[in-house]
Amino acid sequence: MPQPIPQREFALQVLSQLREAGYEALWAGGCVRDQLLGREPQDYDVATSARPEQVQDLFGKRRTLAIGAAFGVIAVLGRHKQPPIEVATFRSDGAYVDGRRPEEVVYTTAEEDAQRRDFTINGLFYNPIDEQVIDYVDGQTDLQKGVIRAIGNPRDRFSEDKLRMLRAVRFATTLKFQIEEQTFDAIRSMASEVKIVSAERIGAELRRMLTHPQRRLGIQLLQDSGLLLPLLPELADWPKQQPTAWQQLLTRLERLQSESLAAALATMLFELEQNKIVGQIGRRFRFTNNEIDRATWLVQALSCLEKADQMPWPQLQRLLVHQGAEELVALAAATWGDDHPCVQECRRRLALPAEELNPEPLLSGKDLIAHSITPSPQFGRLLEHIRDEQLLGNITTPQQALKQADHWLQDNKPQNES
Ligand code: ATP
Ligand code: MG
C-alpha cells in the first residue's frame with residue numbers, strides 16, 4: 001500500500017497549489033511557532049486570501065470538506081489516510097456576544113487575521129517557499145524570550161473568548177514559558193468567568209496539560225491564576241488549608257512518568273476521600289468512559305497495592321495482568337517513590353515472561369459445564385479459586401484443575417444441601 005507523504009510536504013503542496021492559482025497563502029499559527037522552536041508541528045494550518053468557495057473549487061468538492069463553514073475553514077483531504085490540512089480564509093472576527101465565539105466573521109488581510117489570534121507566539125505566518133517569517137505582532141521576540149502575551153488588550157481578548165485564559169496556562173505549561181504580567185493579571189481578575197466555556201473545550205485543554213510531563217507547572221499555574229477554583233473546586237482550598245498535602249500532590253505530579261490522562265487524574269485525586277470523585281470530575285470535563293473507568297480502577301488498585309511485597313502472589317498478579325498495570329506502577333512510583341519495596345516488587349514481576357506473568361487459564365466456564373457442573377452463583381468464585389491455585393503453582397494441568405473443582409464444590413456446598 002502506498003505510504004502517506006510527510007504532513008509537512010502535504011502542507012507545502014496545498015500552499016503551492018493555492019499560490020499557483022494566484023492566491024496569497026501562508027502557513028499560520030501553531031505550526032510556525034513549533035517550527036521556529038525546533039519542534040515537530042502537530043498539524044499544519046494554511047491561511048489564504050482565497051474564499052472558502054474558491055478553495056473548494058480549486059481542490060475539488062471530492063477532496064474538500066467544509067468543516068468550519070461559519071469561520072471559512074475548509075479541510076483539504078489527503079490520499080491514503082493522510083490527515084487533512086485545514087485551509088482558513090484570512091478573517092477578522094466580528095463582535096463576541098457570549099464570551100465564547102464571534103457572531104460573524106469578515107474576510108480580510110493576513111495582517112488583520114494575525115490580530116484576531118490569541119497570543120503573539122501564535123500570531124506568526126511563514127512562507128515555506130522563500131522561507132520568510134511574516135510577523136505582524138512581534139511574536140518572534142516573545143518566542144525568543146519565552147513569553148505568552150495576549151495580542152492587544154488582554155482583558156478584551158479574554159472577554160471575547162474565555163477559553164484563552166486556560167490556553168495561556170496550557171502553552172505556559174507545555175512550552176515552559178512565562179505568562180506576561182498584564183496578561184496574567186487579566187487572567188487573575190477574570191478567572192471565574194472561565195466556567196461559561198463548554199466542558200469539551202475546557203476538557204481538551206486540561207487533557208493537553210495533564211498528559212504533559214510538565215503537568216506540575218500546569219496545576220501550579222491554575223492555582224496561581226485563580227483558575228483552579230472554578231475548574232477543580234475540590235482541590236482549591238488545599239494550598240491554604242492543607243499545604244503539606246498540596247505540596248505532596250505537586251511532587252507526585254512531577255514524579256509521574258506516564259502520558260496517560262487516567263494516571264494523572266488518579267495521581268491528583270486519589271487522596272480525596274469521596275469515592276465517586278474521580279468519576280464526577282472525569283464526567284465534568286467529558287473525558288471518555290474508558291479514561292474515567294481506568295482512573296477509578298487506578299485509585300482502588302493503589303490502595304490494594306500498598307502491601308504488594310507481602311501480598312499473596314495471585315492477588316498481586318491479578319493487578320499486574322490488568323491492562324492498566326503499567327499506569328498503576330507509574331502511579332505507585334509517583335506516590336511512594338521509585339525505590340519503595342512495592343514498586344520494586346511490581347517492576348520485578350512485570351518483567352517476567354508473558355506466559356509466567358499471565359498464563360492461559362487451565363479451565364473455562366465451558367470446561368466446568370462439560371464436566372457436568374451446573375452453572376450457579378458459585379461459578380465465578382470457583383473459577384477464581386482454580387485460577388489462584390494455578391497461579392500459586394499448586395495445579396498445572398486441566399485434569400488437576402477439574403479434580404480441584406470437585407474438591408472445592410464439596411467443601412463449599414450451600415448450607416441447605418448439607
Ligand atoms: P497546538 O495545535 O499545538 O495545540 P495551536 O497553536 O496550533 O497549538 P490550535 O488550537 O491548533 O492551537 O489553533 C491554531 C491557531 O489558531 C493558533 O495558533 C491560534 O493562532 C489560533 N487560535 C486557536 N484557538 C484560538 C482562540 N481560542 N482564540 C484565538 N485564536 C485561536
Ligand atoms: Mg494546531
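Start at 1 and go down the list; that is how both ligands and their atoms are numbered. Count residues from 1 along the sequence. Computation of the quantities below employed the complete heavy-atom set of this structure, encompassing side-chain atoms and omitting hydrogens, waters and symmetry-equivalent molecules.
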Mark the output for [X] as yes if a heavy-atom distance to ligand 1 is under 4.0 Å, and as no if none is.
{"X": "R157", "value": "no"}
{"X": "F119", "value": "no"}
{"X": "E160", "value": "no"}

key: Option set R170, K162, R164, E86, criterion heavy-atom distance to atom 26 (C) of ligand 1, minimum   = R164
request  = Could you check which of T174, D118, D93, V197 puts a non-hydrogen atom nearest to atom 19 (C) of ligand 1?
outcome  = D118
remark   = Checking distances from the Mg ion (ligand 2), one finds that the N, O or S atom of D43 closest to it is OD1
Polar proximity ligand 1 side, Q42 side, N/O cut 3.5 Å exclusive = no
Kindly compute the distance separating [atom1] ([X]) from [atom2] ([Y]), expressed to the nearest 0.5 Å.
{"X": "C304", "Y": "Q315", "atom1": "SG", "atom2": "CD", "value": "7.5 Å"}
{"X": "S16", "Y": "E9", "atom1": "OG", "atom2": "CD", "value": "10.5 Å"}
{"X": "T267", "Y": "L256", "atom1": "OG1", "atom2": "CG", "value": "4.0 Å"}
{"X": "N290", "Y": "L261", "atom1": "CG", "atom2": "CG", "value": "11.5 Å"}
{"X": "Y107", "Y": "E112", "atom1": "OH", "atom2": "CD", "value": "14.5 Å"}
{"X": "W313", "Y": "Q317", "atom1": "CH2", "atom2": "CD", "value": "4.0 Å"}

Show which atoms of ligand 1 fall inside a sub-4.0 Å distance from at least one heavy-atom site of [X].
{"X": "R208", "result": "1 (P), 3 (O), 4 (O)"}
{"X": "D45", "result": "14 (C)"}
{"X": "G29", "result": "18 (O)"}
{"X": "G30", "result": "5 (P), 6 (O), 7 (O), 18 (O)"}

Which one holds for [X] and ligand 1: side chain close, backbone close, both close, or neither close, with close meaning a heavy atom under 4.0 Å?
{"X": "D161", "answer": "side chain"}
{"X": "R101", "answer": "neither"}
{"X": "F125", "answer": "neither"}

Among all protein non-hydrogen atoms, which one is nearest to [atom], and what is the separation to 0.1 Å?
{"atom": "atom 20 (O) of ligand 1", "answer": "N122 O, 2.8 Å"}
{"atom": "atom 8 (O) of ligand 1", "answer": "R33 NH2, 3.2 Å"}
{"atom": "atom 12 (O) of ligand 1", "answer": "R167 NH2, 3.4 Å"}
{"atom": "atom 21 (C) of ligand 1", "answer": "R117 NH1, 3.8 Å"}
{"atom": "atom 2 (O) of ligand 1", "answer": "D43 OD1, 3.9 Å"}

query = Shortest non-hydrogen contact from I386 to I395?
reply = O-CD1, 3.7 Å
task = Mark yes when over 12 heavy atoms from residues, nucleotides or ligands other than E326 sit less than 6.0 Å from its CD; otherwise mark no.
result = no
ask   = Which is it for L328 and W297 under the side chain to side chain contact (heavy atoms under 4.5 Å, CB included) test, yes or no, and what are the steps along the way?
value = CA-CA 9 Å; L328 177 61; W297 177 82; 3.8 Å; yes
ask   = Does the pair F158 and D161 meet the rule for a side chain to side chain contact (heavy atoms under 4.5 Å, CB included), with working shown?
value = CA-CA 5 Å; F158 295 144; D161 177 0; over 6 Å; no
task = Give the intermediate values and the outcome of side chain to side chain contact (heavy atoms under 4.5 Å, CB included) for residues I148 and Q178.
result = CA-CA 6 Å; I148 310 287; Q178 295 278 333; over 6 Å; no
